[in-house]
Amino acid sequence: MSEQIIKLLKAGGFVSGALIGKELGITRSALWKRINSLREKGFKIEASPGKGYRLIDTPDFSVEELRTLIKGQIGKEIIFIKKTSSTNDLARGMEPLHGTVFIADTQTKGRGRLGRLWVSPPNSNIYMSIILKPDILPKDATLLTLISAVSSTRALREQTGIDVTIKWPNDLMIGSRKLGGILLEVRSEPDRIVFALAGIGININMPIKSLPLELRAVSTSILEETGKRFKRTYLIARILNEMEAVLNMPRAFLLNEWRALSSTLGKQVAVTTSNETIKGLAVDIDNEGRLILKTPDGSIKNISSGDLIHLR
Ligand code: BTN
């Protein structure tokens, strides 16, 4: 119901209470209560006797407005919680319905890759986990990381105008600083993926001084880069709608899109896997999203996961 009110008010100008009440089949006083509850969530709504209601501004984030912007299956179900340990943990306990999204304003135990901590202060960043049930083989699960990275990068570029790039496999970067990352967790059987969780964390309106000292030189946020605050509702909506499109792309398109957005290809890199560190030239990614590395002795290695640094 709140979503319908937002949609009607977004048409612009004053909308009469009688009209909204009629559209929604509710009384004036019921509408008044709804309007007040939207105000409590940060919507600025002017009320003028005889004219009706006018939307002046929307909050940085609201699940009600987000729902009005979703176009497909990804984000059809949204579960928002102000504070949780980790949205990936929250999502894991739920019925795995493709496209369900879990969003938190803050995480007390946000997790990064390789057991690292993901700093997750409130009122500033995006922390969300998306349940995906794609029809792909477990060996191709890495593609879901590429899909998440491509969707997020496209959305951020379009909404902020900044040249966000992807450092293999899934770091969202601005120059040499990290803006966001993706934590993919997969539950699979030998021949199928039961479901995957794409956990996406992106620093949006966080001043960099909110981070521990050791992270400040290597991290950034959209606020830090532009001096401007961006509404999380619109960024999240764009990411989810992009994901819908990117999930349906033929694989060759997806890989090409990733190549075009990546800052890793063509660079000398060092990749630390679970048992070794390999240096070489990042030549390409293969059909499964693995990094193709040409080592100094000329041999070619396909690497499926690891921690990568750009050397030059
Ligand atoms: C990385 O190390 O680059 C991955 C960071 C992933 C962080 C996100 S925030 C939402 C989701 N919940 C978590 O605990 N982690 C992921």
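In listed order, ligands and their atoms are each counted from 1.
- A donor-acceptor pair shorter than 3.5 Å can be found between the side chains of Glu225 and Thr220.
- If you look at Ile182 next to ligand 1, the close heavy atoms, those under 4.0 Å, all belong to the backbone.
- Counting only heavy atoms from C-beta outward, the side chains of Asn205 and Asn125 never approach each other to under 4.5 Å.
- For the 3.5 Å distance criterion, the side chains of Asn256 and Arg259 qualify, holding a donor opposite an acceptor.
- Taking each of Gln107, Glu185, Arg111, Arg116 in turn, the one with a heavy atom nearest to atom 6 (C) of ligand 1 proves to be Arg111.
- Distances between N or O atoms of Tyr127 and those of ligand 1 include no value under 3.5 Å.
- Which parts of ligand 1 touch Thr87 is read off a 4.0 Å heavy-atom cut-off, strictly below it: atoms 10 (C), 11 (C), 12 (N).
- Neither the backbone nor the side chain of Asn170 has any atom closer than 4.0 Å to an atom of ligand 1 (non-hydrogen atoms only).
- The N/O atoms of Trp118, backbone and side chain alike, include none that comes under 3.5 Å of an N/O atom in ligand 1.
- Remark: the Asp163 side chain and the Thr165 side chain contain no N/O donor-acceptor pair separated by less than 3.5 Å.
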Phe102 vs Tyr127, ring-ring contact (aromatic ring centres under 6.0 Å, His included): CA-CA, chis, key distance, verdict: CA-CA 8 Å; Phe102 297 82; Tyr127 318 109; over 10 Å; no
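- For ligand 1, one of its N or O atoms has an N or O atom of Lys178 under 3.5 Å away.
- Taking 4.5 Å as the limit, every side-chain heavy atom of Lys178 sits out of range of all side-chain heavy atoms of Val218.
- Close approach to Met128 involves these atoms of ligand 1, each under 4.0 Å from a residue heavy atom: 10 (C).
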